[in-house]
Amino acid sequence: MTKRLTEVAKKAGVSEATVSRVLNGRDGVSEATRTAVLTALDVLGYERPTKLRGERARLVGLVLPELQNPIFPALAEVVTGTLAQRGYTPALCARTIGGVSEMDYVEMLLDHQVSGVIFAGGSYALADARHDHYRRLTDRGLPVVLVNAGVDELGFPRVSTDDAVAVEQAYGHLRSLGHERIGMVLGPEGHVPSRRKLDAMMKAAGWDEADAECVERSSFSMEGARVAATKLVERGVTGIICASDVLALGTIRAARRLGRSVPADVSVVGFDDSAFMTCTDPPLTTVRQPIETMGQAAVDLLVTQIEGAGVLQDELLFEPELVVRGSTAPAPGR
């Protein structure tokens with residue numbers, strides 16, 4: 001008990017006596033201090049006293065699929081900073097291979113009486129994945145916001161990059177450089193943002209089923225992309241649009257292992273404009289997601305729900321920006 005008082009007091013920046021007063025429901029503590037103590041209790045993983053468990057903490061979960069892809073730490077930085085400015089304490093939950101699952105994190109967050117949850121890159125974006133844990137949140141009436149496209153039937157507010165505009169920008173850029181044989185490296189078949197990108201490409205390029213050989217699927221890893229892109233390069237594709245920067249880096253590796261030069265022989269366009277893409281060899285041409293604006297919008301949507309001002313069911317689409325660097329060049333022979 002003494003250890004708990006000491007840890008909570010240190011986390012909340014108050015005295016142990018103040019913590020004791022809050023936990024015992026005594027008077028003489030300001031509402032701000034009381035909230036700080038309860039939030040510290042939640043963050044440290046201690047159970048609230050029974051009489052205090054009915055109140056939700058000013059704690060918000062941010063659930064990410066990983067931290068190795070630089071786009072997710074960038075989003076986390078924006079979301080956590082914005083939450084803190086709004087008086088909420090962020091709880092970062094990043095999944096790892098063989099570690100805690102998204103479903104497990106949801107249960108943990110519910111146990112901690114969080115005020116709401118923001119998801120990015122979760123199983124909501126996979127049409128064939130299990131979505132039972134999201135329905136648990138719906139049943140509890142817990143505010144939720146999804147970052148980037150997910151399956152429609154979940155009904156949560158979404159903040160997304162406009163995938164159609166992203167593909168139009170990338171395709172238009174490659175066409176302007178004279179590329180006629182253009183392919184795509186996308187995420188898994190059921191990945192909703194990748195589906196949107198493919199639909200946009202079919203419309204922009206006038207593709208039909210005969211052009212299926214210009215599309216390869218991959219997990220969101222460099223090795224997966226290397227295998228997928230190798231097939232495209234061997235089929236004579238000279239311009240490749242990728243569903244992430246990580247896939248683009250794997251595509252560059254594939255071209256080089258086949259003895260091709262990037263961009264002289266094969267041009268590559270990524271998606272995200274995550275950190276250090278100016279430092280790759282060559283610097284990566286990519287479509288930039290407006291992460292700062294999207295992260296702030298996700299927090300605004302969540303706080304609006306928490307404060308009881310209603311739920312915006314529409315999906316907010318944000319326009320990306322093509323950033324041209326050194327991984328694209330005129331098509332061979334141009």
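Starting from 1, each residue takes its place in the sequence as its number.
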On a heavy-atom basis, the closest approach of Thr285 and Arg325 is OG1-N, 2.8 Å
Under a 4.5 Å cut-off applied to non-hydrogen side-chain atoms, are Leu198 and Arg217 in contact? yes
Minimum-distance pair of heavy atoms, taken over all atoms of Gly250 and Ala225: CA-CB, 4.0 Å
Non-neighbouring partners of His173 that pass side-chain hydrogen bond (donor to acceptor under 3.5 Å, both in side chains), sequence neighbours left out: Thr328
Tell me if the CD atom of Gln68 is crowded by more than 12 foreign heavy atoms within 6.0 Å. no
So Leu186 and Lys197, do their side chains get closer than 4.5 Å, heavy atoms only? yes
Gln289/Thr161 under side-chain hydrogen bond (donor to acceptor under 3.5 Å, both in side chains): CA gap, chis, key distance, verdict: CA-CA 6 Å; Gln289 291 201 71; Thr161 298; 2.5 Å; yes
For a quick test of reading the model, state the closest non-hydrogen atom pair linking Ala76 to Leu64 and the distance between them. CB-CD1, 4.0 Å
Kindly indicate whether the side chain of Leu5, heavy atoms from C-beta on, has any atom under 4.5 Å from the side chain of Leu23. yes
Polar side-chain atom of Arg158 near backbone of Gly150 as donor-acceptor pair, under 3.5 Å: yes
Just verifying a value: how many Å separate Asp27 CG and Arg34 CZ, rounded to the nearest 0.5 Å? 10.5 Å
Interatomic distance, CG@Leu126 vs NE2@His131, rounded to 0.5 Å, equals 6.5 Å
Beyond-backbone contact of Val37 with Val14, side-chain heavy atoms, under 4.5 angstrom: yes
Measure the OG1-CE distance between Thr251 and Met184 for me, rounded to the nearest 0.5 Å. 11.5 Å
Return yes if some donor-acceptor pair links the side-chain N/O of His112 with the main-chain N/O of Ala91 below 3.5 Å, else return no. no
Ignoring hydrogens and geometry, is there a side-chain-to-backbone donor-acceptor pair from Asn148 to Ser160 under 3.5 Å? no
Is a donor on one side and an acceptor on the other found under 3.5 Å between the side chain of Tyr105 and the backbone of Ala94? yes
Name each donor-acceptor pair under 3.5 Å that joins a side chain in residues 298-309 to protein atoms two or more places apart or in another chain, with its distance.
residue : atom : partner : partner atom : Å
Asp300  : OD1  : Arg86   : NH1          : 2.7
Thr304  : OG1  : Asp300  : O            : 2.7
Gln305  : NE2  : Val144  : O            : 3.2

Same cluster or not: Val227 versus Val185, using hydrophobic residues (I, L, V, M, F, W, Y) connected whenever any side-chain heavy atoms lie under 4.5 Å apart? no
In the structure I gave you, are the side-chain heavy atoms of Val63 and Leu109 within less than 4.5 Å of one another anywhere? yes
Check the hydrophobic clustering (I, L, V, M, F, W, Y; side-chain heavy atoms under 4.5 Å; chains of links allowed) and say if Met294 and Val79 are grouped together. yes
How far apart are the C-alpha atoms of Phe119 and Val145, what are their side-chain angles, what is the distance that settles it, and do they pass the side-chain contact (heavy atoms from CB on, under 4.5 Å) test? CA-CA 6 Å; Phe119 291 91; Val145 174; over 6 Å; no
Nearest 0.5 Å, please: how far is OG in Ser221 from CG in Leu247? 7.5 Å
Decide yes or no on salt bridge (Lys or Arg N to Asp or Glu O under 4.0 Å) for Arg196 and Glu315, but give the supporting numbers first. CA-CA 14 Å; Arg196 290 185 173 189; Glu315 181 178 19; 2.9 Å; yes
If the test is side chain to side chain donor-acceptor pair (under 3.5 Å), which one of Asp245, Asp272, Asp273 qualifies with Arg288? Asp273
Looking at Glu292, I'd like to know if its CD atom is crowded, meaning that more than 12 non-hydrogen atoms belonging to other residues, nucleotides or ligands lie closer than 6.0 Å. no
Going only through I, L, V, M, F, W and Y residues with side-chain contacts under 4.5 Å, is there a path from Leu142 to Leu154? yes
Is there side-chain contact between Val269 and Leu174, with heavy atoms separated by less than 4.5 Å? yes
Could you check if a side-chain atom of Phe72 sits within less than 4.5 angstrom of a side-chain atom of Asn69, using non-hydrogen atoms only? yes
side-chain contact (heavy atoms from CB on, under 4.5 Å) for Ser194 and Phe220? Distances and angles first, verdict last. CA-CA 11 Å; Ser194 291; Phe220 281 94; 4.1 Å; yes
Following the transitive rule for hydrophobic clusters with a side-chain heavy-atom cut-off under 4.5 Å over Ile, Leu, Val, Met, Phe, Trp and Tyr, establish whether Ile118 and Leu316 coincide in one cluster. yes
Please report the shortest heavy-atom distance between Phe318 and Ala297, naming the atom on each side. CZ-CB, 3.7 Å
Would the number of heavy atoms belonging to other residues, nucleotides or ligands and lying under 6.0 Å from CD of Glu77 be above 12? no
Minimal non-hydrogen separation, Tyr134 against Gly122, with atom names: OH-C, 3.8 Å
Look at the side chain of Tyr88 and the backbone N and O of Gln85, then say whether any donor-acceptor pair between them is shorter than 3.5 Å. no
Sidechain N-carboxylate O distance under 4.0 Å for Lys3, Glu16: no
Quiz: residues 257-268 side-chain donor-acceptor pairs under 3.5 angstrom, not counting sequence neighbours:
residue : atom : partner : partner atom : Å
Arg260  : NH1  : Leu258  : O            : 3.1
Asp265  : OD2  : Ser261  : N            : 2.7
Ser267  : OG   : His179  : NE2          : 3.2
Ser267  : OG   : Ala329  : N            : 2.9
Ser267  : OG   : Ala329  : O            : 3.1

Identified side chain to side chain contact (heavy atoms under 4.5 Å, CB included) counterpart of Val151 within the set Leu146, Val192, Asp128: Val192
Tell me the closest heavy-atom pair linking Ala36 and Ala12, and the distance in Å. O-CB, 3.8 Å
Evaluation steps, side-chain contact (heavy atoms from CB on, under 4.5 Å), between Ile240 and Val233: CA-CA 9 Å; Ile240 301 177; Val233 175; 4.1 Å; yes
Is it the case that one hydrophobic cluster holds both Met201 and Val237, taking links as side-chain heavy atoms less than 4.5 Å apart, direct or via other members? no
Output for pair (His191 NE2, Ser244 OG), nearest 0.5 Å, gives 9.0 Å
For the pair Thr18 and Arg21, evaluate side-chain hydrogen bond (donor to acceptor under 3.5 Å, both in side chains) and give the outcome as yes or no after the intermediate values. CA-CA 5 Å; Thr18 298; Arg21 283 198 295 273; 3.2 Å; yes
Where the side chain of Asp162 meets the backbone of Val165, is there a donor-acceptor pair that is under 3.5 Å apart? yes
Counting distance only, does the side-chain N/O of Thr286 pair as donor-acceptor with the main-chain N or O of Phe271 below 3.5 Å? yes
Side-chain donor/acceptor of Asn24 to backbone N/O of Ser20, under 3.5 Å: yes
Taking C-beta and beyond as the side chain, do Thr89 and Leu83 meet within less than 4.5 Å on heavy atoms? no
Indicate yes or no: does Arg136 engage Glu107 in a salt bridge with an N to O separation below 4.0 Å. yes
Would you say the side-chain atoms of Ser327 pair up with the backbone N or O of Leu284, donor to acceptor, closer than 3.5 Å? no
Indicate yes or no for a side-chain donor-acceptor contact from Arg226 to the backbone of Arg253 under 3.5 Å, with no hydrogens or angles considered. no
When rounded to the nearest 0.5 angstrom, what is the spacing between OG in Ser123 and CZ in Arg130? 9.5 Å
